[in-house]
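Okay, so here's the structure we're looking at.
Quick note: numbers below take in every heavy atom, side chains included, and nothing from hydrogens, waters or symmetry partners. Since the structure is predicted, the reported quantities are computational estimates derived from the model, not experimental observations. We number each residue from 1, following the sequence as shown.
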Amino acid sequence: MKIGHLFPDLLNLYGDLGNIRTLQRRLEWRGLDVSVENYRLSDEIDFSRLDLVVLGGGSDREQQIVCQRLQTIKDDFRAYIEDGGVVLAICGGYQLLGQFYESSRGRIAGLGILEIDTVQHDRRLIGNIVLDSRLIDQPIVGFENHAGRTNIYRHEPLGKVITGYGNDESGGYEGVVYKHVIGTYLHGPLLPKNPKLADWLLQKARQRAGQTGELSPLDDRLEHQANQAMYHRLIK
Ligand code: GLN
């Protein structure tokens, strides 16, 4: 399996790199082949060679730098997604999947692949967050820190907010799911504490690559304890 990490030197906040490590390790632990390709802004990206694409979070300044490059890859990226390509996009990366991010620096154009948009507000939404998602039978736990409020219109959210803010402070929902794309505000990093979500992504990528059968189970006792510890700390 080939994982493409887009612009890790710019989009990588609050341990987002841990998501790549988790995906990599969970394949290695099962004896499956995996390689990670880190792309810098100037690198060519051949999406047809990738099974999973990860975009991390970034500050407004970094998003502005990345945005110009995204315009040059958006057709290929869209084709990959429409073909069922798997994507995990965190926070700043999530916002960039949409039409635009309106910030105090002006309007940052997104990839326009999803019909969502984000507008910055003065007050940042910061704190731990718990979601209930239809994708997995385990609460999703994480940490959010964003000034943007995202409107996902008719798209499906990643989950219902049990505690925390999510896409905006009042809507009650967090993130987005489209085909095999997950966009979310959750850092943490997200995947170490949410192993079932990591396996959801890996399973979709394997299916798309024509590999049948379920992923073999791993000893996830520690991961489940980490998830439960956060859940019980936040939900009394
Ligand atoms: N700059 C964006 C915001 O504040 C995204 C931040 C992030 O990736 N944590 O909304």
Query raised in the report: According to a 4.5 Å side-chain heavy-atom criterion applied to Ile, Leu, Val, Met, Phe, Trp and Tyr, with indirect links allowed, do I73 and L114 form part of one hydrophobic cluster?
Result: yes
Query raised in the report: Does the side chain of P139 come within less than 4.5 Å of N227's, by heavy atoms?
Result: yes
**Report entry** Check: M1 and L202 side chains under 4.5 Å, non-hydrogen atoms
**Finding:** yes
Query raised in the report: For S103, does its backbone N or O pair with a side-chain atom of R107 as donor and acceptor, under 3.5 Å?
Result: no
Report summary line: For K160 and Y173, the nearest pair of non-hydrogen atoms, with its separation, is CA-CD2, 3.8 Å
Query raised in the report: In terms of side-chain heavy atoms, does N167 have a donor or acceptor partner in Y94 at a distance below 3.5 Å?
Result: yes
Query - Pair N151, D168: side-chain N/O donor-acceptor within cut-off below 3.5 Å - result: no
Report task. Measure from the side-chain N and O atoms of H155 to the backbone N and O of E115, and report whether any donor-acceptor pair falls under 3.5 Å. Result -> yes
Query raised in the report: Does the side chain of T163 come within less than 4.5 Å of N128's, by heavy atoms?
Result: no
Requested in this report: Begin from the C-alpha positions of Q95 and T150 and carry the test side chain to side chain donor-acceptor pair (under 3.5 Å) through to its verdict.
Outcome: CA-CA 7 Å; Q95 295 171 344; T150 299; 4.7 Å; no
Query raised in the report: Should we say atom CZ of R233 is surrounded by more than 12 heavy atoms from elsewhere, each under 6.0 Å from it?
Result: no
Report task. Would you indicate whether R208, at its atom CZ, is surrounded by more than 12 heavy atoms from other residues, nucleotides or ligands within a distance under 6.0 Å? Result -> yes
Query raised in the report: Looking only at heavy atoms, which two atoms of L6 and F77 are closest? And how far apart?
Result: CD2-CE1, 4.1 Å
Report task. Measure from the side-chain N and O atoms of Q207 to the backbone N and O of K204, and report whether any donor-acceptor pair falls under 3.5 Å. Result -> no
Query raised in the report: Is it the case that one hydrophobic cluster holds both L191 and I136, taking links as side-chain heavy atoms less than 4.5 Å apart, direct or via other members?
Result: yes
Query - Atom pair SG (C67) and CZ (F100), whose distance is rounded to the nearest 0.5 Å - result: 13.0 Å
Query raised in the report: Would you call P157 and V177 a side-chain contact if the rule is heavy atoms closer than 4.5 Å?
Result: no
Requested in this report: Might you work through the side chain to side chain contact (heavy atoms under 4.5 Å, CB included) test for Q203 and E214, ending with a clear yes or no?
Outcome: CA-CA 7 Å; Q203 186 63 25; E214 294 294 306; 4.1 Å; yes
Requested in this report: Look at the side chain of R40 and the backbone N and O of P8, then say whether any donor-acceptor pair between them is shorter than 3.5 Å.
Outcome: no
Report task. Check the side chains of Q120 and D60 for a donor-acceptor pair under 3.5 angstrom, ignoring hydrogens and angles. Result -> yes
Query - Note, Y185 side chain near L125 side chain (heavy atom, < 4.5 Å) - result: no
Query - Under 3.5 Å donor-acceptor, E169 side chain and R149 backbone - result: no
Requested in this report: Could you tell me the separation between the NZ atom of K179 and the CD atom of E82, rounded to the nearest 0.5 Å?
Outcome: 4.0 Å
Query raised in the report: If we only count heavy atoms from C-beta on, is the L201 to I182 side-chain gap below 4.5 Å?
Result: yes
Query raised in the report: Which word best sums up how the rings of W200 and H180 line up, parallel for under 30°, tilted for 30 to 60°, or perpendicular for over 60°?
Result: perpendicular
**Report entry** R30 with D199: basic N within carboxylate O range, under 4.0 Å
**Finding:** yes
Query raised in the report: Does L135 reach the side chain of L158, with side-chain heavy atoms less than 4.5 Å apart?
Result: yes
Query raised in the report: Taking atom types as modelled, is there a side-chain donor on T72 or R69 under 3.5 Å from an acceptor on the other?
Result: yes
Requested in this report: Using distance alone, with no hydrogens and no angle criterion, decide if H187 and D16 have a side-chain donor and acceptor under 3.5 Å apart.
Outcome: yes
Query raised in the report: To the nearest 0.5 Å, what is the distance between NE2 (H146) and OG1 (T118)?
Result: 9.5 Å
Report task. Take R206 and D51, measure what salt bridge (Lys or Arg N to Asp or Glu O under 4.0 Å) needs, and give me the verdict at the end. Result -> CA-CA 8 Å; R206 275 166 56 82; D51 301 296; over 6 Å; no
Query raised in the report: Any chain of hydrophobic side-chain contacts (each under 4.5 Å) joining L13 to Y39?
Result: no
Query raised in the report: Ignoring hydrogens and geometry, is there a side-chain-to-backbone donor-acceptor pair from N19 to L190 under 3.5 Å?
Result: yes
Query raised in the report: Do Q63 side-chain atoms and I108 backbone N/O form a donor-acceptor pair below 3.5 Å?
Result: no
Query raised in the report: If you look at every heavy atom in A198 and R26, which pair is closest and at what distance?
Result: CB-CD, 3.8 Å
Report task. Rounded to the nearest 0.5 Å, what's the gap from CG on L11 to NE2 on H5? Could you check? Result -> 7.5 Å
Report task. Would you give the length of the straight line joining atom CE of M230 to atom CD1 of I129, rounded to the nearest 0.5 angstrom? Result -> 11.0 Å
Query raised in the report: Side chain of E144, backbone of G166: donor and acceptor closer than 3.5 Å?
Result: yes
Report task. Supply the atom-to-atom distance I113 CD1 to Y178 OH, rounded to the nearest 0.5 angstrom. Result -> 9.5 Å
Query raised in the report: Linking I/L/V/M/F/W/Y whenever their side-chain heavy atoms sit closer than 4.5 Å, directly or via other members, would L186 and L88 fall into one cluster?
Result: yes
Query raised in the report: Just checking, is any N or O donor in the side chain of H224 or Q228 under 3.5 Å from an acceptor N or O on the other one?
Result: no
Query raised in the report: Is the count of non-hydrogen atoms from other residues, nucleotides or ligands lying under 6.0 Å from Q68 atom CD greater than 12?
Result: no
**Report entry** Donor-acceptor pair, side chain of D46 and main chain of S48, under 3.5 angstrom
**Finding:** yes
Requested in this report: Using modelled atom types only, decide if a donor and an acceptor are shared between the side chain of Y231 and the backbone of Q138 within a distance under 3.5 Å.
Outcome: no
Query raised in the report: Taking C-beta and beyond as the side chain, do V86 and V53 meet within less than 4.5 Å on heavy atoms?
Result: no
Query raised in the report: Looking at I235 and I162, what are the two nearest heavy atoms and their distance?
Result: CD1-CG2, 3.4 Å
**Report entry** Evaluation steps, side chain to side chain contact (heavy atoms under 4.5 Å, CB included), between V34 and I3
**Finding:** CA-CA 7 Å; V34 55; I3 300 173; 3.8 Å; yes
Query raised in the report: Do you know the tightest heavy-atom contact between R78 and L111?
Result: NH2-O, 4.2 Å
Report task. Please assess V36 against Q24 for the test side chain to side chain contact (heavy atoms under 4.5 Å, CB included), listing each intermediate value before the final yes or no. Result -> CA-CA 8 Å; V36 177; Q24 200 174 359; 3.8 Å; yes
**Report entry** In one Ile/Leu/Val/Met/Phe/Trp/Tyr side-chain cluster, 4.5 Å: L17, Y14
**Finding:** no
Requested in this report: Provide the closest heavy-atom pair for G18 versus P192 in the form atom of the first, atom of the second, distance.
Outcome: O-CG, 4.1 Å
